[in-house]
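One is the number of the first residue; the rest follow in order along the sequence. Computed from a predicted model, the values in this text were never measured in an experiment.
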Amino acid sequence: FDDIRGDTSPQNAGSVLKRFKTIIRWSKSRGEIKGSACLDIPIKAIGETQSARERVLEWDEVALLWKQIETSKATPACKICVQLLILTGARNSEIRESRRNEFDLDKKVWILPPDRSKTKKQIRRALSDKTIELINLLDLIYGLDREFLIVGDKKGSPITTHSINRFVQRMNAHIKLPPFVPHDFRRTISTRLSEKEVMPHVTEKMLGHELGGVMAIYNKHDWLEEQNHAYNLYWKEISETISDIH
């Protein structure tokens, strides 16, 4: 837990301890173990309680981060992975563990299969022109015959969440903004596009959320054209803000 706290954050250490306790209590209730000293460790002894996050990056903050990523000496895989997280609003694991064959660049669509979806249902996302540009760059560098979109250090494995989190922390340390984590990119794209009058049902589809109420039952439309417009609008705003930064 001390290593987790040192490598990531006190909140992550507390979150991992909380999950361990849940597993141990389940095992104890099944009679598989009698107990564990882990249950006696308070979260404050090794970290902090994970609080509900509200961080939303401003346009200039996203632009500063993008510029810092571009000038970084990290691997292209690591840099582009974070850029795709920013551009798509997808979950960390959805991008990191994505297979190359999930992306149809001609149709400009990314189809996430149910077995990789948090909702256990297929998610279809539109691909913006900038996202396609980045995927083409990955293809050029790493070849078309790879399994994973983002290759990791180990052959045949995806890039790790640890690599991405550490990279984002390093970028944040350089630009010295209020702390943020990769998951905050999801809240950012939804909020900023809502300010640009993109409809909530479109941003919800972009995030891979299920729609609520009657729409969840009867409306299976993915609004791919509207998604594509929103994604391209998002990059347009980011790129214009980058141009304004001297």
Side-chain angles (χ1 to χ4, degrees), residues 1-57 65 74 77-78 81-82 84-86 88-99 112-123 147-148 150-173 176-191 204 207-212 216:
F1 294 123
D2 287 340
D3 287 342
I4 294 170
R5 176 182 179 128
D7 290 340
T8 58
S9 69
Q11 292 80 12
N12 277 343
S15 178
V16 173
L17 174 59
K18 185 177 179 180
R19 293 182 186 215
F20 264 102
K21 287 185 175 183
T22 299
I23 295 168
I24 291 167
R25 289 191 184 99
W26 180 86
S27 299
K28 187 178 178 183
S29 70
R30 303 266 299 185
E32 296 178 3
I33 61 173
K34 292 183 178 179
S36 170
C38 189
L39 295 175
D40 298 326
I41 304 174
I43 288 178
K44 63 181 180 181
I46 56 92
E48 298 176 10
T49 301
Q50 192 81 267
S51 57
R53 296 191 60 84
E54 298 181 354
R55 181 75 164 98
V56 177
L57 278 72
L65 173 59
C78 191
C81 184
V82 175
L84 290 176
L85 287 172
I86 293 171
T88 64
R91 296 177 177 88
N92 195 323
S93 61
E94 291 174 349
I95 286 289
R96 284 191 309 99
E97 300 172 6
S98 62
R99 273 60 174 180
L112 188 77
D115 63 313
R116 292 211 315 107
S117 164
K118 186 176 181 180
T119 62
K120 302 304 178 185
K121 295 180 181 178
Q122 183 187 90
I123 296 174
E147 177 185 2
F148 293 100
I150 314 287
V151 297
D153 293 334
K154 294 182 180 179
K155 187 176 181 180
S157 299
I159 195 167
T160 65
T161 186
H162 178 73
S163 297
I164 297 305
N165 289 334
R166 287 297 299 272
F167 178 64
V168 170
Q169 284 184 349
R170 290 201 304 273
M171 296 301 96
N172 197 359
K176 296 180 173 59
L177 296 176
F180 59 83
V181 297
H183 194 77
D184 294 331
F185 301 151
R186 288 169 55 77
R187 193 178 301 105
T188 298
I189 191 172
S190 178
T191 302
E204 286 295 281
L207 295 179
H209 288 164
E210 285 193 273
L211 299 178

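- Scanning all heavy atoms of the two residues, the minimum distance from R187 to R55 falls at NH1-O, 2.9 Å.
- D2 and R5 are not joined by a salt bridge, as no carboxylate oxygen comes within less than 4.0 angstrom of a charged side-chain nitrogen.
- The side chain to side chain donor-acceptor pair (under 3.5 Å) test applied to S163 returns T160, not counting sequence neighbours.
- The backbone N or O of L207 sits less than 3.5 Å from a side-chain atom of R186, completing a donor-acceptor pair.
- A side-chain donor-acceptor contact under 3.5 Å links S29 to the backbone of W26.
- Between S36 atom OG and I23 atom CD1 the span is 11.0 Å, to the nearest 0.5 Å.
- Applying the side chain to side chain donor-acceptor pair (under 3.5 Å) criterion to Q169, with sequence neighbours excluded, gives no partner residue.
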Kindly determine whether I86 and T188 satisfy side-chain contact (heavy atoms from CB on, under 4.5 Å), including the steps that lead there. CA-CA 9 Å; I86 293 171; T188 298; over 6 Å; no
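- The closest donor-acceptor contact from the side chain of R116 to the backbone of E94 lies under 3.5 Å.
- P182 is linked by a side-chain contact (heavy atoms from CB on, under 4.5 Å) to L85, N92, I164, N165, V168, F185, counting only residues two or more places apart in sequence or in another chain.
- Looking at heavy atoms from C-beta onward, P114 lies in side-chain contact with Q122 at the 4.5 angstrom threshold.
- Listed by chain and residue number, F20 satisfy the ring pair (Phe, Tyr, Trp, His ring centres under 6.0 Å) test with F1 (two or more places apart in sequence, or in another chain).
- Heavy atoms only, all atoms of each residue included: L65 and M171 are closest at CD1-CB, 3.7 Å.
- Remark: side-chain polar atoms of S157 are not paired, donor with acceptor, to backbone N or O of D153 under 3.5 angstrom.
- R166 pairs by the side chain to side chain donor-acceptor pair (under 3.5 Å) definition with nothing, not counting sequence neighbours.
- No side-chain donor-acceptor contact under 3.5 Å links R99 to the backbone of F148.
- Contacts of P42 classified as side-chain contact (heavy atoms from CB on, under 4.5 Å), with partners at least two apart in sequence or in another chain: K44, A45.
- Distance SG/C81 to CD1/I95: 6.5 Å, rounded to 0.5 Å.
- Atom CD of E147 and atom CD of E97 lie 11.0 Å apart (nearest 0.5 Å).
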Determine whether R96 and I159 satisfy the following criterion, side-chain contact (heavy atoms from CB on, under 4.5 Å), listing intermediate values before the conclusion. CA-CA 6 Å; R96 284 191 309 99; I159 195 167; 3.8 Å; yes
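- Atom CD1 of residue I24 and atom CG of residue L39 lie 5.0 Å apart, to the nearest 0.5 angstrom.
- A distance of 13.0 Å separates CG in L112 from NZ in K118, rounded to the nearest 0.5 Å.
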Test side-chain contact (heavy atoms from CB on, under 4.5 Å) on C38 and L17 and set out the steps. CA-CA 8 Å; C38 189; L17 174 59; 3.7 Å; yes
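- Taking CZ of R170 as the start and SG of C78 as the end, the distance is 6.5 Å to the nearest 0.5 Å.
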